[in-house]
Amino acid sequence: MSPIGAAHRTGAALVLAAAAAACASGEARTVLTVASWASWSEQRLEAAYVHRFEELNPGIGVSLAPASNAAEYRDQILTSIAAGAPPDVFLLDNIDVPALVAANVTLDLAPYAERAGIRLDAFEPRVLDIFRSGSRIVAFPKGYTPIVLAFNRDMFDAAGVPYPRTDWTWDEFLAAARALTRDTDGDGETDTWGFWLDRRPFLWIPSLWSLGGDILCADGRRASGCLDSPQSIAAFRELLALATREHVTPRFFGLRRTVGDHLRMFASGRVAMIPIGHFYLPALRPHLEAGRLRMGVSFLPRRAGGEPATVIYASGFAVPAAARHKRLSVRLAAFMVDSLAQHTRASGGLEIPALRSAAALAVSRDSSGLESVFVAATRHGRLPWGARIAPWREVESVLPDIFDRVLLRGEDVAAVLRDIAPRIDAIVEPGRVVR
């Protein structure tokens, strides 16, 4: 089946489902569809508040249509738009902003914001910037997360190591990781590790920034001269030395193992520190609530003399330019990022609310102290490269080769970076840089 044919069938199925629901209730209603990649738990949260929109808008129904496969979600959205059967509202991930802006298939929400009851200055500005393109706003922000460092308090206490400060340096982090890497039973094998070094770029790029390195040059048009610069080479050496020289991280666990291993190792007391986003908290919550894990979070360690750095990953609700009911679609998108929706989703712990007032309330209600550190880390957050250049997915597919070649093959860091930089140049040069 062709993608366009699949999109027609998907769109038709949504319309038929909506029509069936309307007939069953005995009403002739306009039904708006909301496409997303929401998990089952997030769907429950959305269902808990979306009925309020229907109450406030008699004759309007809302159909939540999550993708069965998150990996295929982007293609489903693009093909449904191309087929002329787009959803009325759809969830837009930061990595898809450049491609959809370049294709000019999203409605500019800026002119509608005030009429829809949205104050753009009420959002966290670093998050709103992800969805800006010049004067345009391509989505209303829903929620976000920086990447921070989680630490196991019990492991720190057992080793007599002070908890991380939010302004700690790489040298202080390294000293802690060494002390936390231990042979606890005396058999000559390491039983607990100081840190988890993950090969997935979205987790290690913020640490690379904190160490003074980067993947692309500031204009986003090339890697040569930046990925292989002295600063980036030094940063990669420090990062990869955690496995090759310091031996404070499981050398192979972070490479090609099952997704979720780092959370299990952390929760079970085998790894003392891991990089996390807010989206990992629901998986850790059962361990926290049962008292099996005492966790703290801190900023990523910075190089001496440098500033803290992290990334901000975010998503928001967009409206297709070809939406059938533009006014209603904008109203629904605005409703799904308003205070009721953001407070409801915050209760599920998946993200920080993009509304500053909702984030402040989440902090005030949190007795663990975790939320306040996540929010504070936002001050040092940068736009992800995926929100700036269209072909970032292709770049991301190349980056794990750096880890594999150094950690598995023993190749020199500088030589690997000099080899990979031109490969990335060939990917990004044809791509349109949005900002």
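Distance alone, capped at 3.5 Å, places no donor-acceptor pair between the T310 side chain and the H380 backbone. For D198 (side chain) and R200 (main-chain N/O), a donor-acceptor pair under 3.5 Å exists by modelled atom type. Looking only at distances, a side-chain donor or acceptor of S229 sits under 3.5 Å from a matching main-chain atom of S232. For the pair H278 (side chain) and G349 (backbone), a donor-acceptor distance under 3.5 Å is present. Remark: the backbone N or O of T190 is not paired with any side-chain donor or acceptor of D183 at under 3.5 angstrom. Put simply, the side chain of Q342 never gets that close to the backbone of G143: no donor and acceptor are under 3.5 Å apart. Between the side chain of T249 and the main chain of L197, a donor-acceptor pair closer than 3.5 Å is present. In this structure a side-chain-to-backbone donor-acceptor pair under 3.5 Å is missing from Y144 to E124. Checking side-chain atoms of T33 against main-chain N and O of P87 turns up no donor-acceptor pair under 3.5 Å. At least one donor-acceptor pair under 3.5 Å links the side chain of E54 to the backbone N or O of V62.
Contact of the F236 side chain with the D228 side chain is not registered, since no non-hydrogen atoms from C-beta on lie closer than 4.5 Å. Contact annotation: the side chain of E371 approaches that of L281 to within less than 4.5 Å [non-hydrogen atoms, C-beta and beyond]. In this structure, the side chains of P125 and R356 come closer than 4.5 Å at one or more pairs of heavy atoms. For the pair L263/W196, no side-chain contact is recorded, criterion being any heavy-atom separation below 4.5 Å from C-beta on. The shortest side-chain heavy-atom distance between W37 and S315 falls under the 4.5 Å cut-off. Here the side chains of M273 and V248 are not in contact, with every heavy-atom distance at 4.5 Å or above. The shortest distance between side-chain heavy atoms of F53 and M336 does not fall below 4.5 Å. At a threshold of 4.5 Å between non-hydrogen side-chain atoms, the residues V127 and I352 do not count as touching.
To the nearest 0.5 Å, the span separating CE on M265 from CZ on R270 amounts to 4.0 Å. With rounding to the nearest 0.5 angstrom, the CG atom of L293 is 10.5 Å from the CE atom of M155. Between atom CZ of residue R136 and atom CG of residue L109 there is a gap of 9.0 Å, rounded to the nearest 0.5 Å. If you take OG1 on T344 and CZ on R44, they are separated by 13.0 Å, rounding to the nearest 0.5 Å. Between atom OG1 of residue T106 and atom CD1 of residue I137 there is a gap of 10.5 Å, rounded to the nearest 0.5 Å. Remark: I427 CD1 to E429 CD distance equals 10.5 Å, nearest 0.5 Å.
Ion pairing between R132 and D129 holds under the 4.0 Å rule for side-chain N and carboxylate O. At a threshold of 4.0 Å, the pair R393-D96 counts as salt-bridged, since one of the basic side-chain nitrogens sits closer than that to a carboxylate oxygen. Ion pair D425/R222 not flagged as a salt bridge, since none of the NZ, NE, NH1 or NH2 atoms sits closer than 4.0 Å to an Asp/Glu carboxylate oxygen. The pair D412-R237 counts as a salt bridge, with a side-chain nitrogen and a carboxylate oxygen less than 4.0 angstrom apart. Remark: E46 does not engage K142 in a salt bridge, criterion side-chain N to carboxylate O under 4.0 Å.
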Practice prompt. Please assess R302 against T169 for the test side chain to side chain contact (heavy atoms under 4.5 Å, CB included), listing each intermediate value before the final yes or no.
Written response: CA-CA 5 Å; R302 58 180 174 82; T169 66; 3.8 Å; yes

Worksheet item: Does the pair F279 and E351 meet the rule for a side chain to side chain contact (heavy atoms under 4.5 Å, CB included), with working shown?
Response: CA-CA 6 Å; F279 41 75; E351 59 194 9; over 6 Å; no

Discussion item. Could you walk me through whether R423 and D401 satisfy the side chain to side chain contact (heavy atoms under 4.5 Å, CB included) test, starting with their C-alpha distance in whole Å, then the side-chain angles of each, then the deciding distance to 0.1 Å, before giving a yes or no?
Written reply: CA-CA 11 Å; R423 292 171 55 190; D401 289 354; 3.2 Å; yes

Worksheet entry | side chain to side chain contact (heavy atoms under 4.5 Å, CB included) between L180 and T192, worked out | CA-CA 7 Å; L180 291 157; T192 64; 5.9 Å; no

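Shortest non-hydrogen contact noted between R388 and A218 is NH2-O, 2.8 Å. Pairing each heavy atom of G213 with each of A235, the nearest pair is N-CB, 3.8 Å. The minimum heavy-atom distance linking N94 with A314 is given by the pair OD1-N, 2.6 Å. Nearest heavy atom pair, residue R199 against residue P400, reads NH2-CB, 3.2 Å. Closest heavy-atom contact between A334 and I118: CB-CG1, 3.5 Å. Closest approach of P422 to D419, counting heavy atoms only: CD-O, 3.3 Å.
Taking the six-membered ring where the residue is Trp, F123 and F140 present parallel rings, their angle staying beneath 30° rather than reaching 60°. The aromatic rings of F202 and Y313 stand perpendicular to each other, their planes meeting at an angle above 60°, with 30° marking the opposite boundary.
Test Y280, W204, F195 against H262 for ring pair (Phe, Tyr, Trp, His ring centres under 6.0 Å) and you get one pass: Y280.
More than 12 heavy atoms of other residues, nucleotides or ligands sit less than 6.0 Å from atom CZ of R153. Summarising the local packing, CD of E307 is surrounded by 12 or fewer heavy atoms from other residues, nucleotides or ligands at distances under 6.0 Å. Atom CD of E114 is surrounded by 12 or fewer heavy atoms from other residues, nucleotides or ligands within 6.0 Å. Counting non-hydrogen atoms of neighbouring residues, nucleotides and ligands closer than 6.0 angstrom, the CZ atom of R285 exceeds 12 such neighbours.
In terms of the ring-ring contact (aromatic ring centres under 6.0 Å, His included) criterion, residue partners of W170 (sequence neighbours excluded) are, by chain and number, F173. Among residues two or more places apart in sequence or in another chain, the salt bridge (charged side-chain N to carboxylate O under 4.0 Å, His left out) test is passed with D167 by R165.
With 3.5 Å as the limit, one finds a donor-acceptor pair spanning the side chains of D214 and W385.
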